[in-house]
Number of protein chains: 2
Amino acid sequence: MDASSDLQNRVPRKRRKMQRVTMMDVAKLAQVSPSTVSLYLRKPGAVSPAAGQEIARAISTLGYVPNLVAGGLAAASSKVVSIIVPSIRNAFFAETVSTIQSELSAEGLQVILGHSEYGEDQEEALVRTALSWAPAAVVLTGLSHNAETRKLLQASGVPVVEMWEIGGKPIDMAVGFSHPQVGASAARHLLSKGRRSLAFLGARMQEDHRAAKRASGFAEETKRAAEPATCEIINHPGAATVEAGSLLLNRALRQIPNLDGIVCSNDLIALGALFECQRQGVAVPERVSLVGFGDLDFSASCIPSLTTIRPSGDLIGREVARLILASIHGERPEGTSLVVDTGHVLIERRSS
Amino acid sequence: MDASSDLQNRVPRKRRKMQRVTMMDVAKLAQVSPSTVSLYLRKPGAVSPAAGQEIARAISTLGYVPNLVAGGLAAASSKVVSIIVPSIRNAFFAETVSTIQSELSAEGLQVILGHSEYGEDQEEALVRTALSWAPAAVVLTGLSHNAETRKLLQASGVPVVEMWEIGGKPIDMAVGFSHPQVGASAARHLLSKGRRSLAFLGARMQEDHRAAKRASGFAEETKRAAEPATCEIINHPGAATVEAGSLLLNRALRQIPNLDGIVCSNDLIALGALFECQRQGVAVPERVSLVGFGDLDFSASCIPSLTTIRPSGDLIGREVARLILASIHGERPEGTSLVVDTGHVLIERRSS
DNA sequence: AAGCCTTATCGTAGCGCTATGATAAGCCTA
DNA sequence: TAGGCTTATCATAGCGCTACGATAAGGCTT
């Protein structure tokens, strides 16, 4: 035979890999069409009870596991929600992610996780891969992103929720609270206790813009006070840890002779500061008042118990999930950008 | 025309949704075939430099984002690794997940996260959905799973890593350490300090089998001691929190008159116990020695600093990632189940 | 009983990509 | 210069599912 005929009647290619059980197999066993199986899986109410039972039986006898990848491709949108946080090690974000995850998994959505380590370029890369999953929604942390990230997301048409911060223009939706207001609340609290030489102890504020905003809100409220008061912002370039808190406290003690009020960028730092006060013989709250942020696990139990500001990562998570589900179900008021303020609560305990 | 001819020459269906830019578009612009673009994306070295440049240019002008869902379907295995932990709120797992994620993302793998809340049936459901992603690997926590979970995973042929525990028969691979040995180390340490009335304070040990194993390892080592020593295991049914630690300490003080050595199931509980000792006027380490587990952030800084056992969640994460990558690249010795012991280290500080 | 709705089910064309094997284009070697 | 080997590139058949539109089967009207 000649070459041209060879081109025409080609041998069927070897199939690469037969996967276990497909929807087709289920359909055959249940004596219905694949479409009906698919329909049953997506909207069980739409098929007749008889067919439904037949299909359910077939699924269980065959041990059928639907292939979400194929489904995602066919539906042009996969059942994943991509969440990008600065760090999962951070208890705040862990709580929120955990809550979002719980709420979404009830609706059959998966969570894909990424952490940016507070880098905007790294965040952009994560957004890029997130979008290659054709996700049902993307969740970002904060409102600060580089231009490319915003462009990518806007162009994608995917619902986007920015969480843990409000007070700027969101890409799409936002759930969180105002960080400057948190700083201001802390300042007012200390001022109301008669404290006049204040310090804000923060970590990694070059990158953690939200912490920086709490600091500046704090500083501004101090300036605005009726009685004259001073305020210094002290930053630790490393991570916000208990140890950083100890270091920061010592720096504050050195820099501010009459220091009598301290706000920490989070409760871990506050705990470190508290321990260091104890070591240095600085009485809390007698000589200095201490206010944290986050209301972590230990904050109510430590000695003295820690006055802190609770932002409720849990509530944020629930609201994020709610907005995502509403968007997916098309219940969202078109055109308006949705912003939910979850607020914050100052919890007064013994340290102030 | 009759019905049968109508069946034959049907109108082409409306396409549902055109996606932005496809590989085809890139191929057209770069004047090569789609296969070449695909090849370039997967193995850049395999295409000529000239074609590569052309393709790269096309990708950037069009802003092409590859569709991983389609890729996953075609390749019969998606670039996701599914990690199932009991809880992300737990600092241990957060650390490990974070590390795995970092290591894997360098190889273009995504992490899908699930949390089982210490429920085996919930874990099974998570494994089921995990498998519907045709994942490159599945990571589970611990060696205790229900029969169905094991069956599903074994049948799937997907690489499986069980982490944070060794000492049983893994489904496929395991990375972790022996929990009874951790308990035994803690017991030996307290005994060596002359402590004889010991207690193990744990939380949620009905569900947290690993904590329960640390407790029993502790109890057995105590029995085996040269000098006679007693040991009680006290369990708090709720979560392992600082507050649980306070409650547990009070119960221990009530139940054990001469209590002089305490091991806590984790450092959060130990911190709570430490605070409570301070409140109750129980001198640590003079009257009781205290040993924790986990070496969390605060353990070195608290007062007194906490003797603890470090399991190294970070190392576990790195090893898990290494095994996964080896499996994917087919560098794994066939047939052997791989088990990596990451060990544990007792860090002696002031609390003992 | 004809006509018109519903409702349940089906057939099939892609979704965008990768794997496979084929082909074309060089590049030696004899 | 022919034959044999590498590469580099290509054409195409699915991967398993969902969405679309069509069809069949009843159930009401009038």
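In the text below, chain A, chain B and the rest are named by the order of the sequence lines, each starting its count at 1.
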Whole Å only: how far is the [atom1] atom of [X] from the [atom2] atom of [N]?
X	N	atom1	atom2	value
B:E54	D:dA8	CD	P	17 Å
B:D25	C:dC15	CG	P	12 Å
A:M24	D:dG14	CE	P	13 Å
B:L73	C:dC15	CG	P	13 Å
B:K79	D:dC15	NZ	P	20 Å
B:W133	D:dC15	CH2	C1'	15 Å
B:K43	D:dT9	NZ	P	14 Å
A:N67	D:dG16	CG	P	7 Å

(message) Using the rule side chain to side chain contact (heavy atoms under 4.5 Å, CB included), only one of A:V340, A:I171, A:I324 pairs with A:V161; which is it?
(response) A:I324
(message) Taking the basic N atoms (NZ, or NE/NH1/NH2) and the acidic carboxylate oxygens, is any pair closer than 4.0 Å for B:D314 and A:R89?
(response) yes
(message) Could you check whether A:R128 pairs with A:E148 (Lys NZ or Arg NE/NH1/NH2 to Asp/Glu carboxylate O, under 4.0 Å)?
(response) yes
Compare the minimum distances between each of [options] and the side chain of [X], then state the nucleotide with the smallest one.
X	options	result
A:A51	D:dC17, D:dT18, C:dT9	C:dT9
A:V47	D:dA19, D:dC17, C:dT9	C:dT9
A:S48	C:dA8, D:dT18, C:dA19	C:dA8

(request) Starting from the 5' end of DNA chain D, give me the residue, B:G45 or A:L68, whose nearest nucleotide shows up first. (result) B:G45
(message) Any donor-acceptor pair under 3.5 Å linking the side-chain atoms of B:T36 with those of B:S33?
(response) yes
(message) Between B:S38 and B:R42, do the side chains contain a donor N or O and an acceptor N or O under 3.5 Å apart?
(response) yes
(message) So, does A:R42 get its side chain near the phosphate of D:dC17, meaning an N or O under 4.0 Å from OP1 or OP2?
(response) no
(request) Check whether any side-chain N or O of B:T99 sits under 3.5 Å from a backbone N or O of B:E95 as a donor-acceptor pair, and report yes or no. (result) yes
(request) Report yes or no: does A:T96 contribute a side-chain atom to a donor-acceptor pair with the main-chain N or O of A:G313 at less than 3.5 Å? (result) yes
(request) Could you list by number each residue of residues 28-41 of chain A showing a heavy-atom separation from DNA chain D of less than 4.0 Å, or answer none if no residue does? (result) A:S35, A:S38
